[in-house]
Q: 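Here you go, one structure.
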There are 2 protein chains.
Amino acid sequence: MGEILSANRIEGVVRKDVPERVISRLPIYLQTVETIAATGQDTVSSEDLAARSGVSPSILRKDLSQLGRSGTRGVGYSCPELAATLRTFLGLDRDRRVAIIGAGRLGSALADYAGFRRRGLRLTAVFDIDEEKIGTSIGALTVSSLDDLPAWSEDIDLVVMAVPAAAAPAAAQKAVEAGVRGILNFSPTVLDAPDTVRVHQVDLASELQVLAYYSALDTAPLNPGFEEHRN
Amino acid sequence: MGEILSANRIEGVVRKDVPERVISRLPIYLQTVETIAATGQDTVSSEDLAARSGVSPSILRKDLSQLGRSGTRGVGYSCPELAATLRTFLGLDRDRRVAIIGAGRLGSALADYAGFRRRGLRLTAVFDIDEEKIGTSIGALTVSSLDDLPAWSEDIDLVVMAVPAAAAPAAAQKAVEAGVRGILNFSPTVLDAPDTVRVHQVDLASELQVLAYYSALDTAPLNPGFEEHRN
DNA sequence: CGGTGTGAAAACTTTCACAGCA
DNA sequence: TGCTGTGAAAGTTTTCACACCG
């Protein structure tokens, strides 16, 4: 499940194996540095960039140092240079092509997200199995039949799954067969896929349940007078 | 940012401080064990439950052992008992009240999610600032003005932010002032909030960018003939 | 001078392997 | 016997603190 691939070969250059934890923070840095660059500020310190990204300055410096030296001592990081480095490293210099499976409310909402292009992603197709939806428009796209997915396999790198839990495994199977390299799964189901396909899970209820746990901490006990059970 | 609270007092019982990593896996176990229970299977081994939850058996056993002994040696875990333990531990035995801020496409789609009740969550309100949307219905709820949020403060534990990035900080501020305990933020902005409020970020583009990175690994090098640089 | 880059230490997480119990 | 619960080992991530350089 979600094994880390170890070859790490991009454009022929073999890189130090960068941990997934680090990779998952890079998009945040990218977004933050773009926001800062948009204000006209040309350089930024690790302290400032870290604060705005919600991480510690030392972790930010460690993370960025793994992409090669990218800052200037005594000055900070050049916003445009850093943004370019991050985009290249993440493979966003050439647009990644994304398809959404599921043209219901959630799928349509995600398809609507205006930031795709700006963030190096291109929405190329939307699929559904519902005859009612096939042929309708979502933004500039027309909903295709999921059965036609194989025909698109050359034009899809990543898939967003926005279908009911029951439909997810079969749809994922089709995506895998079509050769997609990653699946972002909004259905509340653990999907299994071969090691060549990365699956990330986003589950509304699970996230809220974690928050629910923390929301119950530190509140007045409902049942005072009870005491510590230890084994 | 997102400091771990340390008091950990639930219903008067002081617990071992359970790491966030562990907490974030519990909802998955809960969902998996409920699915298994629904098939009529009464007990489950750590090996089986782990495989279906996408984790290793040892990590599953370690995680569950932190909730107190919950299995039976030689047998496995009782599905109904384990589900009850997890629900209680996560604080889901009494429904957590959730509000959605943002009645656009995404907010409506999330409000529509059928699993709330079953998963210990109750959607109590939907807010927006757009006069056009206020007063319209989403499912059984009527969209309220965000300005009325303070009046609801007693009825909201958690908030889901589904507004454009530009509107997120102000909306989060209102939620914090109303005393919510957690925010699940779908806007692509890092929100800062006091330590008493936990903020989790879910960003479509960031998730896809991480997948994009991995999708570029192990593909045929664009620039073959280059060889391994090792330090 | 000021802020990055980085070893070394500390903290945390996962895996291993097996004791112990139903 | 079979599978949980758990110490101890291995591995990973974060923090610290400071050398180094523009």
Side-chain angles (χ1 to χ4, degrees), chain A residues 1-6 8 15-26 28-29 33 36 41-79 81-82 85-86 89 210 229-231, chain B residues 1-6 8 15-26 28-29 33 36 41-79 81-82 85-86 89 210 231:
Chain A
M1 65 234 51
E3 300 305 274
I4 300 222
L5 307 171
S6 60
N8 270 15
R15 301 173 183 284
K16 250 202 311 305
D17 193 16
V18 178
E20 171 157 17
R21 274 293 185 80
V22 176
I23 301 296
S24 71
R25 286 187 293 254
L26 301 182
I28 304 168
Y29 303 154
V33 78
I36 294 170
Q41 189 179 329
D42 207 61
T43 62
V44 65
S45 68
S46 61
E47 191 177 335
D48 190 8
L49 183 52
R52 300 209 206 191
S53 301
V55 301
S56 72
S58 47
I59 215 172
L60 181 126
R61 293 205 300 276
K62 263 256 155 76
D63 287 353
L64 294 185
S65 75
Q66 302 210 38
L67 319 189
R69 314 125 302 275
S70 37
T72 309
R73 293 180 206 225
V75 178
Y77 301 89
S78 150
C79 294
E81 269 179 35
L82 180 54
T85 302
L86 287 167
F89 187 88
V210 172
H229 297 303
R230 309 200 94 263
N231 34 341
Chain B
M1 63 230 57
E3 300 305 274
I4 299 218
L5 308 171
S6 59
N8 270 16
R15 302 172 182 286
K16 256 202 306 305
D17 193 18
V18 178
E20 172 156 15
R21 275 294 185 78
V22 175
I23 300 296
S24 72
R25 286 187 292 254
L26 301 183
I28 305 168
Y29 304 154
V33 78
I36 293 170
Q41 190 179 326
D42 206 62
T43 63
V44 65
S45 68
S46 62
E47 190 175 338
D48 190 7
L49 184 52
R52 300 210 206 189
S53 302
V55 301
S56 72
S58 46
I59 215 169
L60 181 125
R61 292 205 301 274
K62 263 259 155 74
D63 287 354
L64 294 186
S65 75
Q66 303 210 37
L67 319 189
R69 318 121 305 268
S70 37
T72 308
R73 293 177 205 225
V75 178
Y77 300 89
S78 151
C79 294
E81 268 180 36
L82 180 54
T85 302
L86 287 167
F89 187 87
V210 172
N231 1 5

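Every value quoted in this text rests on a predicted model; they were computed, and no experiment measured them. Naming: A, B, ... by sequence-line order, numbering from 1 per chain.
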Q: Minimum heavy-atom separation for A:Tyr29 to A:Ser53, with atom names?
A: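 Shortest heavy-atom separation between A:Tyr29 and A:Ser53 comes out as CD2-OG, 3.8 Å.
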
Q: Output the rounded distance in Å from CG (B:Leu82) to C1' (D:dT4).
A: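 Rounded to whole Å, this separation is 13 Å.
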
Q: Looking only at heavy atoms, what is the nearest atom pair of B:Thr43 and B:Ser78, with distance?
A: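 Closest heavy-atom pair between B:Thr43 and B:Ser78: CG2-CA, 4.2 Å.
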
Q: Would you indicate, yes or no, if C:dG5 has its OP1 or OP2 atom less than 4.0 angstrom from a side-chain nitrogen or oxygen of A:Tyr77?
A: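 Yes.
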
Q: How long is the span from the CG atom in B:Asp42 to the CD atom in B:Glu81, to the nearest 0.5 Å?
A: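 One finds 9.0 Å between CG of B:Asp42 and CD of B:Glu81.
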
Q: Can you pull every protein N or O that's under 3.5 Å from an N or O on nucleotides 20-22 of chain C?
A:
residue: C:dG20; atom: N3; partner: B:Arg73; partner atom: NH1; Å: 3.4

Q: Between C:dG5, C:dT14, D:dT4, which one does the side chain of B:Arg25 approach most closely?
A: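 Shortest atom-to-atom distance from the side chain points to C:dT14.
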
Q: Send over the distance from B:Glu20 CD to C:dT13 P, rounded to a whole Å.
A: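 Interatomic distance, CD of B:Glu20 to P of C:dT13: 9 Å.
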
Q: Given atom CZ of A:Arg61 and atom C1' of D:dA19, what is their separation to the nearest angstrom?
A: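 For the pair A:Arg61 CZ and D:dA19 C1', the rounded distance is 12 Å.
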
Q: Report the distance from atom CG of A:Asp63 to atom P of D:dT15, rounded to the nearest whole Å.
A: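 Taking CG of A:Asp63 and P of D:dT15, I get 11 Å after rounding.
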
Q: Within this structure, what is the CG-to-C1' distance between A:Leu49 and C:dG3, rounded to whole angstrom?
A: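 In whole Å, C:dG3 C1' lies 13 Å from A:Leu49 CG.
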
Q: Rounded to whole angstroms, how far apart are CD1 on B:Ile23 and P on C:dT13?
A: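 Nearest whole value for this atom pair: 11 Å.
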
Q: Tell me which nucleotide among C:dT14, C:dG5, C:dC16 gets nearest to the side chain of A:Ser65.
A: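 Per side-chain heavy atoms of A:Ser65, the pick is C:dG5.
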
Q: Does any pair with a residue in residues 54-66 of chain A pass salt bridge (charged side-chain N to carboxylate O under 4.0 Å, His left out), and if so which ones, sequence neighbours excluded?
A: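 For residues 54-66 of chain A, and leaving out neighbouring residues, the salt bridge (charged side-chain N to carboxylate O under 4.0 Å, His left out) pairs sorted by first residue read A:Arg25-A:Asp63.
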
Q: Just how far, in rounded Å, is P of C:dT4 from CG of A:Leu67?
A: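 Going from CG in A:Leu67 over to P in C:dT4 covers 15 Å.
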
Q: A:Val33 vs A:Tyr77, test: side-chain contact (heavy atoms from CB on, under 4.5 Å). Steps then yes/no.
A: CA-CA 9 Å; A:Val33 78; A:Tyr77 301 89; over 6 Å; no

Q: Is A:Arg69 close enough to D:dG22 that one of its side-chain N or O atoms is under 4.0 Å from OP1 or OP2 there?
A: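 So the side chain of A:Arg69 is outside the cut-off, no N or O lying under 4.0 Å from OP1 or OP2 of D:dG22.
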
Q: For B:Pro19 versus B:Gln66, what's the shortest heavy-atom pair and its separation?
A: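 Closest heavy-atom pair between B:Pro19 and B:Gln66: CD-OE1, 3.8 Å.
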
Q: Assign each of B:Lys62 and B:Ser46 to its nearest nucleotide of DNA chain D by heavy atoms, then name whichever residue's nucleotide is nearer the 5' end.
A: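 This one resolves to B:Ser46.
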
Q: Are any non-hydrogen side-chain atoms of B:Leu49 and B:Leu82 less than 4.5 angstrom apart?
A: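 Sidechains of B:Leu82 and B:Leu49: in contact.
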
Q: Whole angstrom is fine here: how far is it from CD in A:Gln66 over to C1' in D:dT13?
A: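 My rounded result for the distance is 11 Å.
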
